[in-house]
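The sequence lines fix the lettering, A, B, ..., with proteins before strands; numbering per chain opens at 1.
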Amino acid sequence: MEEILQKQLMHFQKETFQRDLLEWYRREKRDLPWRKDQDPYKVWVSEIMLQQTRVDTVKPFFNQFIKKFPTIEALAEADEEEVLKAWEGLGYYSRARNLHSAVKEVKETYGGKVPDDPKQLEKLKGIGPYTKGAILSIAYNLPEPAVDGNVMRVVSRILTIWEDIAKPKTRKIFESVIREIISKEHPSDFNQALMELGALVCTPTSPSCLLCPVRKHCAAYHEGVEEELPVKTKTKAHRQVQIAAAVLKKDDFYYIHKRPSQGLLANLWEFPNCETKRGNLSQKKQLEQFLQQEYGIESTIGDLAGTIQHVFSHLTWNISVFFGHVKNDTEMKEINKVTKDEMNQYAFPVSHQKIFSLYQEQS
DNA sequence: GAGACGTGGGT
DNA sequence: TACCCAAGTCT
């Protein structure tokens, strides 16, 4: 750890800080579905869902997921299709596939008990340094750091740490700090209190310092630089992609395609679509050619029915939506034909749910 | 280490 | 409107 930081920590009132923080947490903590007990499986599921995702978004997904898969065994025995369906709309779908895979691993290798050993935990798919620490501290009350964005923001302010939190190696500095200041008696509450403080009081913009239970310990508050911290370098602008998508119908059947098992929206279902390029060929023509060449579908495509934008972290799809009729599918491949009712069993990305809504509005 | 990987909400 | 963000992990 940095020498300056070491010196600062020597003067830090660790015991009173812990007491002030824990007292506030026990008074103010939110009543959340995953705080009803300390079942390691539920802690695990909640921590995966909460990655890069707001509490209010997670709540309904967590309740429904636990109802459907109440135990390790129940989830281990489920089909991936079912698990993805339960995750539909939550985003970052590799989390669902990794969780499913890791739960099967726990059932087979550890007899269905979530490991309380850091070395075993970090081998499981989808469990990185943060989630490992969260499970160890929250489910097993072990004094391990669980450093997420909240903790880096809160701690960077309290100790005026000016390292760039966008850089991966910066997390290690915060883990060292937490090992120094964590409550050995109440590591679970301590870690959760730090995150709760970040969510409710020590917010990214306009933090409520006057309501903060630990402001007397906060160097950034005393120096008036709380808005300058944490330091986080900008991310670059993302790229735009033009897409043409088709809702194809023949008799009572719709045509859907399963995305590849790797990459963006892996293993989710979608309406047939392709990236289009600006040029002499219209989007409609490019789409018809694609459907013929890629999927062996002869179709008649109508005029542009509408557009839908799908913004990801790293790119944007600008989707032109077309409706069409299939003339001949005897040579068809890589496509499932399903009725409207059957479609409910398949997980679609939000943009493709919108595509179908558009279709239903117009027919 | 930088970029991929979703979605919805806040300013 | 156009960012930025929210309990990160994988490649």
If you look at every strand shown and take non-hydrogen atoms under 4.0 Å, does A:Trp87 touch a base, only sugar-phosphate, or nothing? nothing

- Task: Please work out if A:Arg153 contacts a base, only the sugar-phosphate, or nothing of the nucleic acid, heavy-atom cut-off 4.0 Å.
- Result: sugar-phosphate

Separation of the C1' atoms in C:dA6 and B:dG1, to the nearest angstrom: 23 Å

Using a 4.0 Å heavy-atom cut-off across all strands, classify A:Arg30 as base, sugar-phosphate, or nothing. base

For the side chain of A:Thr53 and the base of B:dG6, is some donor closer than 3.5 Å to an acceptor across the two? yes

So A:Tyr254 and A:Tyr359, would you call those rings parallel, tilted or perpendicular, with 30° and 60° as cut-offs?
perpendicular

Polar side-chain contact A:Thr131-C:dG8 base: donor and acceptor under 3.5 Å: no

Of A:Gln51 and A:Pro204, the one whose closest nucleotide on DNA chain C sits nearer the 5' end is A:Pro204

So A:Lys125, base contact, sugar-phosphate only, or nothing? Heavy-atom distance under 4.0 Å. sugar-phosphate

Mind checking A:Leu90 for me? I need base, sugar-phosphate or nothing, with any heavy atom below 4.0 Å counting as a touch. base

message = Taking donor-acceptor contacts at under 3.5 Å, does the side chain of A:Tyr130 reach the base of C:dG8?
response = no

May I ask you to say what A:Ile48 touches in the nucleic acid, namely base, sugar-phosphate or nothing, with a heavy-atom cut-off under 4.0 Å?
nothing

| message | Under 4.0 Å, counting only non-hydrogen atoms across every strand here, what does A:Thr57 touch: a base, just sugar-phosphate, or nothing? | response | nothing

Between A:Arg54 and A:Asn98, whichever has its closest DNA chain C nucleotide further toward 5' is A:Arg54

